[in-house]
**Student:** 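The structure under discussion is supplied below as structure tokens; questions concerning it will follow.
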Amino acid sequence: MDEEQIKSEAADAKMINDAFQHLLDCYLASHHRKKVDLITTAFNFARQAHKGVRRLSGEPYIMHPIAVAQIVCEEIGLGSTSICAALLHDVVEDTDYTVEDLENIFGPKIAQIVDGLTKISGGIFGEQASAQAENFKKLLLTMSDDIRVILIKIADRLHNMRTLDSQPANKQYKIAGETLYIYAPLAHRLGLYKVKSELENLSFKFEHPEEFSNIESKLTLTQAQRHELFDQFTQPIREALDHMGINYEIKERIKTPYSIWSKMQNKHVSFEEIYDILAVRIIFTPRSRQEEVNECFNIYVAISKIYKSHPDRLRDWLSHPKANGYQALHVTLMSRQGRWIEVQIRSDRMDEIAEQGFAAHWKYKEGEQEEYTEDETELNNWLRTIKEILDDPQPDAMDFLDAIKLNLFASEIFVFTPKGEIKTMPAGCTALDFAFSIHTFLGSHCIGAKVNHRLVPLSHKLQSGDQVEILTSKSQHVQPAWINFVSTAKAKSKIQAILRRENREMQKRGEETLTEWLSKHNIEFTLAVADQLAEYHDLRRRDEFYQALGEKTIILGDKDIDELQGKNKKKKQATGIGWRRYVPFVSSKSAKHEEEQPTELFVVPEKFNRKKPLYLSEENIRLFKFPNCCHPIPGDDALGYIDNKSQIEIHKRACPIAAKLKSGFGNRILDVKWDMHKRLYFDATIRMSGIDRIGLLNEVTQVISSQLNVNIHKVNITCDDGIFDGRIELRVHDRDDVRLIMQNLKRIDNLKEINEIM
């Protein structure tokens, strides 16, 4: 062994020992029982098991389990069982050791958690379609056995996100997409706000690096201004709380880059137009635990004497905590600088629960802090809903992900049954959601409801405090339209299950119809024939075609015979059916969307390098699909998706469809970069509103057409009571053109809001 190698191994050993010592120091400073020997045994076992293995970043592999254990201990607040499981979480999957080996050394509980983690980690980078969605199903099933499985899995994902730089770009988009779609909402649901925010920010940073750095630099530039506002605003509050003799601290809470960007996208506003970047948090230590709710209200009364409070923005989560255990009182006050500022009032216990979620509950339980207690009613209700969905197998894993996603980020309202029992429901839910939440029979036979003793339809949206009585009829059956107005995962999954059962019968009838028709025309029934006819009738899936036949919305005839015999092909190619939607650009300003003979779309070969970026240029852009969901244009952060026909779809990275694809089909995601030279024109739509005046529209068209030499494709203007609202469709080269146009439009007097419609 040469000198360099000896030095390198010594440096690695020091780094590993220092990291483990830091973990032990954090553990010893916690409230948990001191099982240092058990943790040290787990560390030595894992170190030996992973010996000689390195991560993509080049560091020894054991640094990853130590880092996950560090997050589990320091940021989630779990004890020795979870720390040991975190240290051992990759041993069974990556080495020759079995769950039985771990059980013999560390006991059944640690072995069970590691087993749960092993079950949900397999196949994340596999080739199987929807692999991640299937893993998510497994994750939720194991979660109901011991919630520490999911808490450690979230810690594992957080460390993977922190070290994502070493992965190629297509993997970064896949992992960041899964994180935003699955793990951040899960962390939110479990009350891990700090972890949730970091997961969102890291995902944002890897998917939209330019926007992330822009917002970060703007936050840095406005930092001094915010500090000054914070000091001025909190000074009189401090004086009042000191006078009351309260033991407190006041923290400055800054909106994260991801939440700022989300608000900019959703509200179509600029960074400068977001006024709630700063919030204030008052954290106090109560004189006694029994008095902490009263003390929150006492503080609220004291500060609302100093500043005027917003009547519609008082949020009381003290009497009825959120489903993830969050408790606080939120009030919005008008500062002397004329800005609304949100103030969050909570005790030290509430603050710890807000940061660490359910893990922090255990610290305040009597008796054995290490053991998981099952009295978290709301969480168990949520898990029960998840299990009900899992019990009904669905053919499409992505539908399953969507159903769960509905309930992960939902805000909550409180409604009452006719007997006065309180039920927690997601905000935006309807009377039908409420019916299904009580019982499937009640939901499937629901004809309406009485809300506060007034008759309302099934689609009526419930408000907090409503008293709801469900009305049923035995003759009522589930309707397909119901799926459009229910918002809870449980109601959606039950309706889909009932409709699928009915659809299966209809599809069977359709398949019989097709078999008889083919037999009559001496054509052998094969799946390829059914697929060909489905495609001819513009249906993507065979079962949709069977359904249409069963419902008699498609009647087979002579044209179908021609299709099967190949007589329709020329006609179809000549009209370019299905092509126009894939060409979102034109060659020149005056040209209409091209109706040339369609170029053959690029088909991904077997040995295609998915790690290398795909460059889109004027020469090759026609070889790829541009679906109608998001309309990416040069300059947008984009990605590619290899579809079932091995052709490549181009999406914006922030597109909702792409979010699902990243979560379910991560192995098919490609990094896409633009190599365009302002020769093609793309569609973009700008929305404007302001105060109407003579000549305003003329100035707008002058700026766009004359000054910037951009072609206006379509203008739609409405004016109501002196308020001007308009949409202008333009032909632009790229995203820079859109930014320049919007900058110039902002200089026009009386134009108050200008944003792009994505």
Side-chain angles (χ1 to χ4, degrees), residues 123-135 167-175 177-178 395-399 401 526-545 563 566 569 572-573 576-585 596-632 636 638-653 655-675:
I124 276 188
F125 300 115
E127 295 300 308
Q128 178 195 353
S130 299
Q132 188 56 25
E134 293 302 331
N135 280 330
Q167 292 279 1
N170 65 323
K171 280 274 166 60
Q172 288 178 352
Y173 304 150
K174 164 198 152 38
I175 295 167
E178 283 169 8
D396 190 343
M398 296 314 296
D399 286 349
L401 269 186
T526 64
L527 294 181
V529 165
D531 287 340
Q532 189 180 345
L533 288 173
E535 194 174 344
Y536 176 65
H537 287 281
D538 290 327
L539 293 170
R540 288 175 62 194
R541 292 184 353 210
R542 194 187 310 133
D543 54 7
E544 288 176 15
F545 177 56
E563 168 62 23
K569 285 186 178 172
K572 202 167 180 180
Q573 194 174 10
I577 289 173
W579 172 248
R580 221 180 297 172
R581 67 193 174 111
Y582 297 138
V583 190
F585 46 80
E596 59 185 43
Q597 289 295 315
T599 315
E600 281 293 313
L601 291 173
F602 174 71
V603 176
V604 175
E606 205 171 308
K607 291 186 178 177
F608 186 72
N609 187 345
R610 300 183 184 201
K611 290 183 182 178
K612 283 176 70 176
L614 172 71
Y615 285 90
L616 297 183
S617 65
E618 283 88 352
E619 285 70 38
N620 71 6
I621 197 166
R622 289 172 180 79
L623 304 178
F624 308 110
K625 295 180 178 180
F626 284 77
N628 290 322
C629 47
C630 58
H631 301 295
D636 283 334
L639 56 77
Y641 164 68
I642 302 170
D643 68 12
N644 293 334
K645 294 181 178 177
S646 295
Q647 294 164 346
I648 298 174
E649 294 179 7
I650 309 297
H651 292 267
K652 285 183 184 175
R653 285 181 217 157
C655 165
I657 302 295
K660 288 167 66 173
L661 297 174
K662 283 177 281 190
S663 304
F665 308 100
N667 55 304
R668 302 194 202 173
I669 299 298
L670 305 173
D671 181 22
V672 164
K673 299 200 182 305
W674 301 94
D675 182 24

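Sequence positions, counted from 1, serve as the residue numbers for this chain. Predicted model, so just to flag it, every value in this text is computed and none were measured.
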**Student:** For Glu619, which residues count as a side-chain contact (heavy atoms from CB on, under 4.5 Å) partner, sequence neighbours excluded?
**Tutor:**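 Expected list: Ser617, Arg679.
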**Student:** Could you measure the distance from the CD1 atom of Ile650 to the NZ atom of Lys652? Nearest 0.5 Å is fine.
**Tutor:**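 Answer for the CD1-NZ pair, Ile650 versus Lys652, is 13.5 Å.
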**Student:** Before you tell me yes or no, could you show the steps for His537 and Phe545 under side chain to side chain contact (heavy atoms under 4.5 Å, CB included), namely the whole-Å CA-CA distance, both residues' side-chain angles and the distance that decides it to 0.1 Å?
**Tutor:** CA-CA 8 Å; His537 287 281; Phe545 177 56; 3.8 Å; yes
**Student:** Please list, chain by chain and in numerical order, all residues satisfying side-chain contact (heavy atoms from CB on, under 4.5 Å) with Lys612, sequence neighbours excluded.
**Tutor:**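 Once residues adjacent in sequence are excluded, the partners of Lys612 under the side-chain contact (heavy atoms from CB on, under 4.5 Å) criterion are Asn609.
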**Student:** Under the side chain to side chain donor-acceptor pair (under 3.5 Å) rule, collect the residues that match up with Glu649, sequence neighbours excluded.
**Tutor:**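 Listed in chain order: His651.
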**Student:** Do Arg668 and Asn170 have side-chain N/O donor and acceptor atoms under 3.5 Å apart?
**Tutor:** no
**Student:** With sequence neighbours left out, write down each residue that passes salt bridge (charged side-chain N to carboxylate O under 4.0 Å, His left out) with Asp643, or none if nothing qualifies.
**Tutor:** Lys625
**Student:** Tell me, please, which residues at least two apart from Pro613 pass side-chain contact (heavy atoms from CB on, under 4.5 Å).
**Tutor:**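 Testing Pro613 for side-chain contact (heavy atoms from CB on, under 4.5 Å), a comparison that skips the adjacent residues, returns Tyr615, Asp671, Lys673.
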**Student:** For Tyr173, which residues count as a ring pair (Phe, Tyr, Trp, His ring centres under 6.0 Å) partner, sequence neighbours excluded?
**Tutor:** none
**Student:** With sequence neighbours excluded, tell me which residues meet side-chain contact (heavy atoms from CB on, under 4.5 Å) with Phe608.
**Tutor:**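 So Phe608 forms a side-chain contact (heavy atoms from CB on, under 4.5 Å) with Phe602, Val604, Pro605, Arg610, Leu670.
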**Student:** Taking only residues two or more places apart in sequence, or in another chain, which ones meet Gln172 in a side chain to side chain donor-acceptor pair (under 3.5 Å)?
**Tutor:** none
**Student:** Only one of Val672, Leu614, Leu639 clears side chain to side chain contact (heavy atoms under 4.5 Å, CB included) with Ile648; which?
**Tutor:** Leu614
**Student:** Quick check: do Glu178 and Lys662 have side-chain heavy atoms less than 4.5 Å from each other?
**Tutor:**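 The answer is no, as the side chains (C-beta and beyond) never meet within the 4.5 Å cut-off.
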**Student:** Which distance, rounded to the nearest 0.5 Å, do you find between the CZ of Arg622 and the CG of Leu601?
**Tutor:** 12.0 Å
**Student:** Drop me the distance from Cys630's SG to Asp636's CG, to the nearest 0.5 angstrom.
**Tutor:**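 Reported to 0.5 Å precision, the distance equals 8.5 Å.
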**Student:** Can you list everything that forms a salt bridge (charged side-chain N to carboxylate O under 4.0 Å, His left out) with Lys645? Sequence neighbours excluded, please.
**Tutor:** Glu535
**Student:** Let me see the working for Trp674 and Ile621 under side chain to side chain contact (heavy atoms under 4.5 Å, CB included), right down to the final yes or no.
**Tutor:** CA-CA 10 Å; Trp674 301 94; Ile621 197 166; 4.2 Å; yes
